[in-house]
Every structure is written in C-alpha cells, then in structure tokens.
2 protein chains.
Amino acid sequence: MRTGLDKEKIILRAAELADKKGSSDITMKELADELGIKPPSLYKHFSGGLDELSRELMLCGWRMLDAEITKAVIGKAKDDAVTALCYAYRDFVLKHKGLYEAMQWYDMFQSKEHMKACEGAVDVMYRSLSSYELTNEQKIHTVRLVRAFLQGFSTIEAHTAHDKPVPLDDSFDFALRTILRGIADMQKRSQ
Amino acid sequence: MRTGLDKEKIILRAAELADKKGSSDITMKELADELGIKPPSLYKHFSGGLDELSRELMLCGWRMLDAEITKAVIGKAKDDAVTALCYAYRDFVLKHKGLYEAMQWYDMFQSKEHMKACEGAVDVMYRSLSSYELTNEQKIHTVRLVRAFLQGFSTIEAHTAHDKPVPLDDSFDFALRTILRGIADMQKRSQ
DNA sequence: ATATAATAGCTAATACGATTAGCTTTTGAG
DNA sequence: CTCAAAAGCTAATCGTATTAGCTATTATAT
C-alpha cells in the first residue's frame, strides 16, 4: 500500500500509455513499469486481467469523448452544433489515437456494455440534430451518416502520414459541408 | 514436403480463419492447427513470423477488395459507378470482417507498403469519379469523403448487432444519396 | 537413374508476457 | 492498539512465438 494508486488513476495512466504508443496494444508489463509496480500487482485492481483493463479503457474513452463533444455543442444549434461536434470528435481522435483504438473494442462477449458506453456519445449526436425539423427516422439515418463519416475520416487520418498535397482540413471541411447540405435538402423536401 | 502448401495457400487459409473468428488476431498455433502442421513449420514460409503473415494478409485483403470493386464498376459511370462501388465495398467488409481488420494494419514501420496496398483500391475510386466534371482537388475531397464513409459505416455495421429498429440498408442508401447529391451540387456550382 | 541440394516438416529448447499462489507490509476501522 | 483488508512482492505455472538443429522428401543436375 505504498503507491497511492487506484483503479481510476491506473486507467488514466493506461490511456496515456496507449496514446503515447499510438496503439491500444499495451501489456501488463508496460503498464506496470509505467506505474512503478510489478505486473502481478495490477491484478489487485483488475482481477479480470487484461480483458478487464481493456474494457475499462474503452468505457473511459467513451466517457471522455462524450464529455468533449457535449462541451463543444453547448449553446449551439443546427449546423453550428453539428460542425462543432464533428471538429471536437476529430480532434479527440487525433489527440487520442491509442485510446480511440481501445474504444473500438467492440462486441465479442460484451456487446451490450459497449453499446451502452457509446450510447452517451451517440445521444449527443441525436440531441444536436434536435433543432432540425426531421422525422425520427431521418434523424437516425443522419446520425449514422455522421457517425460513419467521423469514425472513418478520423481513423484514416490518425493512421496516415500527414504530408498530403491537398490538406486534410480542407477535405474534412468539404465533407462536412456536403453532409450539412444533405440535411438541409432533406428538410426542404419534407415540408 | 508433404502437405503441398505454399505461401499463397497459407495466406488464403489465414484469411478464412480470420473471417471465421471475425477478428484479425490469429495465432501461429491456430493457423498451424488449421493447416495440419506444427507452428514452427510456418516459419519455413514466413521467416518474418507473425509480422510478415499480418503484412501479407493485409496486402492480400486489399488486392481482393480492389478486385471486387473494380468488377463492380465495370461499364458504369457517375452515380451508377459510385453506387456500385459503395455497395461492393460494404459487402466485402461484411463478408470479410476478420480480413478487413487485418487490412487496417496501418503504418508503424511499413507505412509506405500499406499505402501502396490501398492505392489500388483508392485508385478505383478516383477512376469512378472521372466521369464527373470535377477539378482534381474536388476529386480528392470526394474520394476522401467516400472512403471515410465506407470505412466508418462498414466497420460500425460489421461490429454491431443487426437488430436495429431502422434497417441499416436504408441508412446506407440514405447516406449514399446524400453524398451523390453533394457531388451534383458541386458540379452545378463549378460551371 | 542417382547423387545432391534445397525444401518443408518435425521435435526440443528458449524467451517472454499473462496469470495464479502464497507471503508480507501498510493502513484504516474499531 | 489490534486486526482485517488492501496492495505490493516473489516464485511458480502456462501458453504462444520463435530459434536451433534434425530428417525426410522432392527436384535437379549429372
């Protein structure tokens, strides 16, 4: 009982470590070294071993992302809200490459838990669309489109060398405008 | 020299195994078992071990995807081509969940090789846009948008339970139409 | 055909990370 | 001040990757 560690602190440390490595593949040994303890000691905090740690990392990541995008859309509506949310999401992924990878720790056995975890973040997306005049079904489609785009663009960007002839910023902006235009178009037609 | 195996066959078998597991995390042991040989024997074909196997799997996957989408767009232009390409891409991912994961074996050390590998598939996307009247820069933005959307939508779909209230097919269709509308809009304005 | 070199498999041995078992020290509650 | 839980440690076990060295098969060159 010397180091003053607890589950929370360890997870945050693990997240940092993942981001430093740029990958979610962190080992008990690496994490223990990072914390100045021996690998077996980690089992006092995570009796479920690496699996439990991964799950916690995933949950922690979604909570953080949720917080970021929530903060970003406060006081904004419609296009402003969607735009802010998208930029915040992308920034998060670029800043947390390793953690974001851990957040993809989909299904297998824990599918429900994972879904609950992203739920918060996805819910923010839904709320951001609430100021538009869309049917529920349209909102669902739109959230899926936005989610897919963000997931795809950010991962590709995070894993690709940043020396493109055409800046990625411009492409992101372009894509975002395309999507917003699509939403506007939808509203026009449903009137 | 009994089993008549060669690099090519082993890779294809590894791809099947990955898809069967729904994950790219296949071990030397699993693969050896699958092939009816002992793990050390694999090193006769892959002296670089698991790393080399992963790389080959990645390359193999991109070649396969390239072939699929190329086949899909033959004889088509504009919206028809893009639509066919998108559906083919999505089908591929859903059919090859494990292999597709292996294809994400980004950067680290081999970044250039990986880029070359996707290059073929990305090139098909560019060609599919050739029938539109777009500037080079616009094409680049568009390819990035399409790529991001496909990557994101497919991975999310591949990893999520298929029991949604609103069918994913409809959302895919909706998103695709939104993107095509965006392209049309762009052309209108640049005239 | 036959000797020979490369091939492709095998077993045994090594290394390393995950995990478990059991011991010990610190710390918080009473 | 005592005691139980908490949190760390070392030693031991297990499983997978990988290497080393052996052997049988196959292909090739004489």
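Each chain gets a letter, A, B and so on, in the order the sequences are listed, and its residues count up from 1. Only this structure's heavy atoms are used, side chains among them; waters, hydrogens and symmetry mates stay out.
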Could you state the atom-to-atom distance from CG of B/L31 to C1' of D/dT18 in whole Å?
15 Å
Nearest 0.5 angstrom please: A/F149 CZ to B/I179 CD1, how far?
9.5 Å
Smallest heavy-atom separation, A/L65 atom then A/M103 atom, equals CD2-CE, 3.8 Å
Strictly below 4.0 Å: does B/H45 bring a side-chain N or O up to OP1 or OP2 of C/dG9?
yes
Show me, pair by pair, the donor-acceptor contacts under 3.5 angstrom made by side chains of residues 75-86 of chain B, not counting sequence neighbours?
unit_1	atom_1	unit_2	atom_2	d
B/K76	NZ	B/A72	O	3.3
B/D79	OD1	B/Y132	OH	2.4
B/T83	OG1	B/D79	O	2.6

Between the protein and nucleotides 14-17 of chain D, are there any N/O to N/O pairs under 3.5 Å, and if so, what are the atom names and distances?
unit_1	atom_1	unit_2	atom_2	d
D/dA17	OP1	B/M28	N	2.9
D/dA17	OP2	B/M28	N	3.3
D/dA17	OP2	B/K29	N	3.1

Check the phosphate of D/dA7 against A/T3, side-chain N and O only, distance under 4.0 Å to OP1 or OP2. Yes or no?
no
Tell me: CD1 of A/I37 to C1' of D/dA6, nearest whole Å?
13 Å
Taking only residues two or more places apart in sequence, or in another chain, which ones meet B/R177 in a side-chain hydrogen bond (donor to acceptor under 3.5 Å, both in side chains)?
B/D173
Go through the structure and list residues passing salt bridge (Lys or Arg N to Asp or Glu O under 4.0 Å) with A/D123, not counting sequence neighbours.
A/R127
Could you run down the sub-3.5 Å N/O contacts of the protein with nucleotides 11-15 of chain C?
none

Under a 4.0 Å heavy-atom cut-off, which of residues 5-15 of chain B touch DNA chain C?
B/L5
Atom CG of B/L42 to atom P of C/dA8: distance rounded to whole Å?
12 Å
